[in-house]
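Values reported hereafter were calculated over all heavy atoms of this structure, with side chains retained and with hydrogens, waters and symmetry mates removed. Numbers here simply count residues along the sequence, with the first being 1. Everything numeric in this text was worked out from a predicted model, so none of it was measured.
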Amino acid sequence: MTSEGLLDSSICARAGSLCAGDSSNAFCGKALWQSSVYEFDSLEELASARYVYRRYGSPNSDELSKAVALLEAAEQGLATSSGMGAIVAGVLSFCKAGDLILAQFDCYGITRDFFEVDAPRFGIRTQFLDVHNVQILELALKNSVTANGQTTTAEPRNNNTVVFLESITNPSVRVADLPSISTLCKKYGAFLIVDNTFATPIRIKPIKQGADMVIHSVTKFLGGHSDLVAGVVAGSSHHIELASKLVGRWGLLAAPFDSWLATRGIRTLQVRMERALSTTAELARRINCSSIPVMIKWSPDCAIMAIEVPGGFDAANRAVSCFKMIKFAPSLGGTTTTVSHPASTSHKTVPYAEREAMGITDGMLRLSVGLEDVEDIWNDIERGLAAAVNANKPSVH
């Protein structure tokens, strides 16, 4: 079966059966290969073997890599041990000492920690800014050209500039104008890396819009069942081969069982996203039409909703406590609707003033919409938010 010309729903349904080159058909997407090492009858057989030692590759991780690469319209993919593993592999396989990263200022908190704490150890500098704002981004790109000792963008560069952003931000649900951003990156010779976890390739395909590399936390919507931890980096064959060597050296490859679970999850990705996105839109409509005085941020391309509850931490905590079906869980993208408090979880390491400037307040809740009936989700949301808001109203004597 060739994967050429398949649409997303077919790629999803056939995930795990799209790898070429296995003439024995021994692996067809349903087997789990737990082997840590493989045996050979001769040195000639070893020399031509695809799989030798699991740290460098496994059939299950290859199937996951292939499925995501096809969905993202990328030349190649690489499955990693987590979404952060994918970011580390993507960034460190491309960047060297002296390079500059222009990073989205309100990115996922642990991504920010990596840029602030780990990248400098390798001599890689990071500047945080609103890269979604093309005027701000262009000024920063111009400055990077000047700082690199160039007078024109056509001159050879001694150091690289990387632009890193999320296609839809976590948790504020801001949607990037990828065509405009990628045009600027090409104009100034910058390498564009996009974390596409929130949108998934079902809704946004960054490479088709000019990105050079795409990152996924497969733990979230792609896996879809809150039972695995994995990531994928996808891009050109050249860049993914570089990332693959780093992953082999650092031990960042996705485990076989997590890869197997993720590949199985992708088979239902299309239908799960259709349901979750439809429910998210209806919940947003109901909240906006209700008398509950909360602000929401949402997108039709994302099954995540940011809800700003007046009253800060105490009000947010009351809402969480009053939810019955919706459980608090510091992750997202599963079959059940969950809620998280970014100030206490994903962005707890960000200083208060910086976090407030990002719009991530103590009263913000992040809702990950699942597959339950919309009426049940709405009843729980309405009860929890009403309890939180009403507790803030002054008593009437």
- Nearest atoms (heavy-atom pairs only) where Ala199 meets Ile168: CB-CD1, 3.8 Å
- Is there a path from Ile215 to Leu70 through hydrophobic residues (I, L, V, M, F, W, Y) whose side chains come within less than 4.5 Å of each other? no
- List in chain and number order the residues that pass side chain to side chain contact (heavy atoms under 4.5 Å, CB included) with Pro179, two or more places apart in sequence or in another chain; answer none if no residue qualifies. Asp177, Gln209
- Without swapping roles, check the side chain of Glu354 against the backbone of Val350 for a donor-acceptor pair under 3.5 Å. no
- Item | CD1-CD distance between Ile193 and Gln104, expressed to the nearest 0.5 angstrom | 13.0 Å
- Report yes if the side chains of Arg50 and Asp62 come closer than 4.5 Å at any heavy-atom pair, otherwise no. yes
- Could you check whether the rings of Tyr53 and Tyr56 sit parallel, tilted or perpendicular, using 30° and 60° as the cut-offs? tilted
- Query: Are Val131 and Phe115 joined in one hydrophobic group, where the rule is that I, L, V, M, F, W and Y side chains link up if heavy atoms are under 4.5 Å apart?
  - Reply: no
- Query: Taking only residues two or more places apart in sequence or in another chain, which ones pass side chain to side chain contact (heavy atoms under 4.5 Å, CB included) with Ile240?
  - Reply: Gln76, Leu78, Val233
Show every donor-acceptor pair shorter than 3.5 Å between a side-chain atom in residues 328-337 and any protein atom, with sequence neighbours excluded, or say none if there are none.
{"from": "Thr337", "atom 1": "OG1", "to": "Gly370", "atom 2": "N", "distance (Å)": "2.8"}
{"from": "Thr337", "atom 1": "OG1", "to": "Glu372", "atom 2": "OE1", "distance (Å)": "2.7"}

- Task: Grab the two heavy atoms, one from Phe114 and one from Pro120, that are nearest each other, plus how far apart they are.
- Result: O-CD, 4.5 Å
- Query: Once you round to the nearest 0.5 Å, how far does CG of Asn288 lie from CZ of Arg286?
  - Reply: 13.0 Å
- Item | Basic-acidic side-chain contact under 4.0 Å: Glu138, Lys187 | yes
- Task: Would you check if Arg203 and Leu277 make a side-chain contact, meaning some heavy-atom pair closer than 4.5 Å?
- Result: yes
- Query: If you take all heavy atoms of Ala86 and His216, which pair is closest and at what distance?
  - Reply: CB-O, 4.2 Å
- Does some side-chain heavy atom of Met325 sit less than 4.5 Å from a side-chain heavy atom of Ile377? yes
- Message: Using a 3.5 Å distance criterion without hydrogens, assess whether the side chain of Ser35 forms a donor-acceptor pair with backbone atoms of Val37.
- Response: no
- Considering the options Thr80, Thr263, Asp258, Leu253, which one meets the side chain to side chain contact (heavy atoms under 4.5 Å, CB included) requirement together with Ser61? Leu253
- Task: Let me see the working for Thr126 and Glu116 under side chain to side chain contact (heavy atoms under 4.5 Å, CB included), right down to the final yes or no.
- Result: CA-CA 7 Å; Thr126 301; Glu116 287 187 319; over 6 Å; no
- Query: Does a side-chain heavy-atom distance below 4.5 Å link Leu92 with Phe122?
  - Reply: yes
- Polar side-chain atom of Asn60 near backbone of Leu32 as donor-acceptor pair, under 3.5 Å: no
- Query: Between the side chain of Arg112 and the main-chain N/O of Thr349, is any donor-acceptor distance below 3.5 Å?
  - Reply: no
- With sequence neighbours left out, what residues match Asp362 under side chain to side chain contact (heavy atoms under 4.5 Å, CB included)? Phe313, Ala343, Tyr352, Arg355
- If only atom types and distance count, is the side chain of Asp99 paired as donor or acceptor with the main-chain N or O of Asn160 below 3.5 Å? yes
- Do you know which of Leu367, Leu365, Ile307 makes side chain to side chain contact (heavy atoms under 4.5 Å, CB included) with Ile296? Ile307
- Message: If the condition is salt bridge (charged side-chain N to carboxylate O under 4.0 Å, His left out), which residues does Arg275 pass it with, not counting sequence neighbours?
- Response: none
- Ser321 side chain to Asn317 main-chain N or O, any donor-acceptor pair under 3.5 Å? yes
- Item | Qualifying residue, where the test is salt bridge (charged side-chain N to carboxylate O under 4.0 Å, His left out) with Asp8 and the options are Lys205, Arg14, Arg267 | Lys205
- Give a yes or no on whether the backbone of Gly210 and the side-chain of Lys186 come within a donor-acceptor separation of less than 3.5 Å. yes
- Query: Is there a chain of hydrophobic side chains (I, L, V, M, F, W, Y, each step under 4.5 Å between heavy atoms) that links Val232 to Phe94?
  - Reply: no
- Query: Considering all heavy atoms of both residues, which atom of Phe40 and which atom of Tyr51 are nearest to each other, and what is their separation?
  - Reply: CZ-O, 3.4 Å
- Query: Is the count of non-hydrogen atoms from other residues, nucleotides or ligands lying under 6.0 Å from Asp373 atom CG greater than 12?
  - Reply: yes
- Task: For salt bridge (Lys or Arg N to Asp or Glu O under 4.0 Å), just list the numbers for Glu63 and Arg264, CA-CA rounded to whole Å, side-chain angles, deciding distance to a tenth of an Å, and then say yes or no.
- Result: CA-CA 10 Å; Glu63 286 289 355; Arg264 186 178 68 169; over 6 Å; no
- Query: Given the rule in the side chain to side chain contact (heavy atoms under 4.5 Å, CB included) test, do Met305 and Leu283 qualify, once you have shown the distances and angles that lead to the verdict?
  - Reply: CA-CA 9 Å; Met305 184 183 299; Leu283 292 173; 4.0 Å; yes
- Could you give me the CA-CA distance, side-chain angles and deciding distance for Glu282 and Arg285, then say whether salt bridge (Lys or Arg N to Asp or Glu O under 4.0 Å) is met? CA-CA 5 Å; Glu282 175 60 16; Arg285 185 192 70 79; 2.7 Å; yes
- Quick one: does Asp106's side chain get under 4.5 Å of Arg174's, heavy atoms only? yes
- Worked check of side chain to side chain contact (heavy atoms under 4.5 Å, CB included) between Phe164 and Asp195: CA-CA 8 Å; Phe164 180 93; Asp195 184 329; 4.2 Å; yes
- Side chain to side chain, Leu269 and Leu71, heavy atoms closer than 4.5 Å: yes
- Can you list the residues that meet the ring pair (Phe, Tyr, Trp, His ring centres under 6.0 Å) rule with Tyr108, with sequence neighbours excluded? none
- Heavy-atom nearest pair, Gly251 first then Arg55, reads CA-CD, 3.9 Å
- Considering only heavy atoms from C-beta outward, does the side chain of Pro171 approach that of Met364 to under 4.5 Å? yes
- Message: Do Val374 and Val339 sit in one hydrophobic cluster, given that two such residues count as connected whenever their side-chain heavy atoms are within less than 4.5 Å of each other, even indirectly?
- Response: yes
- Query: Just how far is it from atom CZ of Arg125 to atom CG of Leu100, taken to the nearest 0.5 Å?
  - Reply: 4.5 Å
- Ser167 to Leu178 - nearest heavy-atom pair and separation: CB-CD1, 4.4 Å
- Is there a chain of hydrophobic side chains (I, L, V, M, F, W, Y, each step under 4.5 Å between heavy atoms) that links Leu242 to Leu192? no
- Query: Judged by atom type as modelled, is there a donor-acceptor pair below 3.5 Å linking the side chain of Thr197 to the main-chain atoms of Ser217?
  - Reply: yes
- Task: Start with the C-alpha gap between Thr268 and Arg272, add the side-chain angles, then the distance that decides, and say whether side chain to side chain donor-acceptor pair (under 3.5 Å) holds.
- Result: CA-CA 6 Å; Thr268 60; Arg272 285 189 289 106; 2.9 Å; yes
- Query: Any side-chain heavy atom of Arg366 sitting closer than 4.5 Å to one from Ile304?
  - Reply: yes
- Query: Is there a donor-acceptor pair under 3.5 Å between the side chain of Glu308 and the backbone N or O of Met295?
  - Reply: no
- Message: Any side-chain to backbone donor/acceptor pair from Ser144 onto Leu141? Under 3.5 Å, distance only.
- Response: yes
- Intermediate values then yes/no, side chain to side chain contact (heavy atoms under 4.5 Å, CB included), Leu165 and Val194: CA-CA 5 Å; Leu165 59 87; Val194 177; 4.0 Å; yes
